[in-house]
Amino acid sequence: TSINLADLKNRADLMKTIQKEIQETGNIGVDTLQKLSKQYPEAKEALYDYMTGVKNEAELFADLENIYNNDKSQYICMF
């Protein structure tokens, strides 16, 4: 799947929201988790692991960061 600039921006904004929620509350809010499942379909496995307690917030965030960086690289390579 190809990614466009709007997708990258939305994902970056979501990453900032997740980071802020983790810093402020120690966890990720339900609304944010729902956005996450829509904006990061390729993160389903990591999200499932987080929701079942296999991964903590930091591990989930690291997985999302890797996905985001891959998407960013893919976007850059298109040009």
Side-chain angles (χ1 to χ4, degrees):
T1 60
S2 65
I3 188 141
N4 62 41
L5 189 57
D7 289 337
L8 269 181
K9 184 190 178 324
N10 289 339
R11 288 180 175 198
D13 290 345
L14 185 59
M15 295 287 289
K16 287 179 193 162
T17 299
I18 291 169
Q19 200 169 29
K20 185 178 175 203
E21 286 181 6
I22 291 171
Q23 286 172 347
E24 290 177 359
T25 67
N27 56 36
I28 303 168
V30 175
D31 290 345
T32 304
L33 289 173
Q34 288 175 336
K35 285 180 192 167
L36 186 57
S37 68
K38 287 180 188 150
Q39 287 187 21
Y40 275 93
E42 62 273 48
K44 272 193 172 97
E45 190 176 324
L47 190 55
Y48 177 80
D49 287 348
Y50 170 72
M51 295 181 76
T52 56
V54 175
K55 291 186 177 196
N56 64 24
E57 289 80 11
E59 291 166 322
L60 175 61
F61 190 81
D63 287 349
L64 296 175
E65 228 171 13
N66 287 336
I67 293 168
Y68 177 80
N69 287 331
N70 288 342
D71 289 344
K72 191 167 65 173
S73 297
Q74 184 183 49
Y75 180 78
I76 291 167
C77 286
M78 292 186 334
F79 295 100

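Under a hydrophobic-cluster definition in which Ile, Leu, Val, Met, Phe, Trp and Tyr are linked whenever side-chain heavy atoms come within less than 4.5 Å, directly or via other members, Met15 and Leu5 are assigned to the same cluster. In the hydrophobic clustering of this structure, Val54 does not group with Leu64; members are Ile, Leu, Val, Met, Phe, Trp, Tyr whose side-chain heavy atoms approach within less than 4.5 Å, directly or through other members. Hydrophobic clustering keeps Tyr48 apart from Val30 (ILVMFWY residues linked when any side-chain heavy atoms are closer than 4.5 Å, directly or through intermediates).
For the pair Leu47 and Leu33, the minimum side-chain heavy-atom distance is below 4.5 Å. Looking at Asp71 and Glu42, their side chains come closer than 4.5 Å, going by heavy atoms from C-beta outward. Side-chain contact between Lys9 and Asp13 is present, with heavy atoms from C-beta onward closer than 4.5 Å.
One N or O on the side chain of Glu59 and one on the backbone of Asn56 form a donor-acceptor pair closer than 3.5 Å. Formation of a donor-acceptor pair under 3.5 Å by the Thr25 side chain with backbone atoms of Ile22 is not found in this model.
No more than 12 heavy atoms of other residues, nucleotides or ligands lie within 6.0 Å of CD in Glu45, so this atom counts as exposed by the packing criterion.
Heavy atoms only, all atoms of each residue included: Asp63 and Ala46 are closest at OD2-CB, 3.4 Å. Minimum interatomic distance between Asp7 and Asn4 (heavy atoms only, all atoms of both residues): N-OD1, 2.7 Å. Nearest heavy-atom pair, Phe61 versus Ile18, reported as atom, atom and distance to 0.1 Å: CD1-CG2, 3.7 Å. The two residues Leu60 and Tyr50 make their nearest non-hydrogen contact at CD2-CG, 3.6 Å.
To the nearest 0.5 angstrom, Ile76 atom CD1 is 10.0 Å from Met78 atom CE. We find the CD1-CD distance between Ile28 and Glu57 to be 5.5 Å, quoted to the nearest 0.5 Å. The structure places NZ of Lys38 at 11.5 Å from CG of Leu36, a figure rounded to the nearest 0.5 Å. In this structure, the separation between CD on Gln74 and CG on Leu8 is 9.0 Å, given to the nearest 0.5 Å.
We find that Lys35 and Glu21 are not joined by a salt bridge, their nearest charged nitrogen and carboxylate oxygen being 4.0 Å or further apart.
Residues passing the side chain to side chain contact (heavy atoms under 4.5 Å, CB included) test with Asn10, sequence neighbours excluded: Gln39.
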